[in-house]
There are 2 protein chains.
Amino acid sequence: MTEEQEVFLAHIQKQGLKRTAQRDLILDVFLRTEEHLSSEDLYRLVHKEDSSVGQTTVYRTLKLLAEAGLAREVRFGDGLTHYEHHYKHQHHDHMICSNCGKIIEFYSAELEAIQDAMAARHKFEVEQHLLRIIGICADCRRAKRNAEKSRERIRSASARSTR
Amino acid sequence: MTEEQEVFLAHIQKQGLKRTAQRDLILDVFLRTEEHLSSEDLYRLVHKEDSSVGQTTVYRTLKLLAEAGLAREVRFGDGLTHYEHHYKHQHHDHMICSNCGKIIEFYSAELEAIQDAMAARHKFEVEQHLLRIIGICADCRRAKRNAEKSRERIRSASARSTR
DNA sequence: TTATTTGCAAATCGTTTGCACCTTA
DNA sequence: TAAGGTGCAAACGATTTGCAAATAA
């Protein structure tokens, strides 16, 4: 039994809830991914392994995983709720590629320190914070540059042929 | 005519759209607020002044204001889309009180600089970024402290009377 | 006159809930 | 056996869309 499974079991028992095959499977599939899955994403993966599991159970179990401290809800602003691993995972922020959707995690102690200082200046007690940088990732920038070069080659070639 | 109204009119004409009484009113009401309104909030305010305007028109006009650069969509993660003034407004971030919902705007050049540096480190081209700090505001913290003190007074008073 | 806009109602989408049946402790 | 859990279908709430009637250019 992995540490995560133990944490989940402990949470379940502390709350007087019950261990079920569905919950075990959903946790298992969740732990096997390293993405920022939406409930629907996870449902599809779980459904592949046991098509009798319903969407509702996945929604409810993700809530449970969040309560147990194993998952963290993240709203990227696309209307979906995403979940990422949270157990023993350091706090971090996200860069999201608006072209390909890739998510890059990053952490900066300075950033954290300044945020705390800004909060303190407003006598604000921080519960959580969320930083999202949206833009174009290195791969997509390279692809874009290549596409431009390629267009240029075609242009100059056709200029030559019609000269 | 205010500068904002001119910007709106220019945008409308450039797009081959039409100026209407509803759009004028919605812009006017929007400009008179300094909050982070949801579409529903704005609808209620507009409705008070002209009850013939429909919700749909408010939704559509807010989209238009965002395109014209007069409003900015902000998702705080409460499921609603909020809009704030954007024209000639400097970029800023938000602290949101989880108790009373108050929104504090703040800006830190250092924060911006570090974000850009983090992006550069990942060869990431920033399009926009969003920082949200959630916690308890100064007022709510004070109220909480007072409530505690008051509870204590009652407790010690009743202890005295039953002694 | 003609393309655009309007308000309504219906549709949509992610998520939640009510409920009868099933399972765990 | 009692407390919980499940899957389905229906309900939900914010937003969007289809449409026929109204309006600006």
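Each chain gets a letter, A, B and so on, in the order the sequences are listed, and its residues count up from 1.
Of the two residues contacting DNA chain D, namely A/Gln15 and B/His82, the nearest-nucleotide position lying further toward the 5' end is that of A/Gln15.
A/Phe124 approaches B/Ile96 most closely through the heavy-atom pair CZ-O, 3.3 Å.
Scanning residues 18-55 of chain A for heavy-atom distances under 4.0 Å to DNA chain D yields A/Lys18, A/Thr20, A/Gln22, A/Arg23, A/Ser52, A/Val53, A/Gly54.
In this structure, the CG atom of B/Leu62 is 10 Å from the P atom of D/dT16, given to the nearest Å. Going from atom CD of A/Gln13 over to atom P of C/dT24 covers 15 Å, rounded to whole Å. When rounded to the nearest whole Å, the span between CD1 of B/Ile12 and C1' of D/dA24 equals 11 Å.
When the side chain to side chain contact (heavy atoms under 4.5 Å, CB included) test is applied to A/Gln22, the partners found at least two apart in sequence or on another chain are A/Thr20, A/Val53, A/Thr57.
The phosphate of C/dT15 (OP1 or OP2) has a side-chain N or O of A/Thr81 nearer than 4.0 angstrom. Between A/Tyr59 and C/dT15 there is a side-chain N or O to OP1 or OP2 distance below 4.0 Å. OP1 or OP2 of C/dT16 lies within a sub-4.0 Å distance of a side-chain N or O belonging to A/Lys63.
Aromatic rings of B/His82 and B/Phe76 (six-membered ring for Trp) have centroids within the 6.0 Å cut-off, being under it. The ring of B/Phe30 has its center closer than 6.0 angstrom to the ring center of B/His85.
Atom CD of A/Glu105 has more than 12 neighbouring heavy atoms from other residues, nucleotides or ligands inside a 6.0 Å radius.
Within the 3.5 Å criterion, the main-chain N or O of A/Ser108 finds no donor-acceptor partner in the side chain of A/His92.
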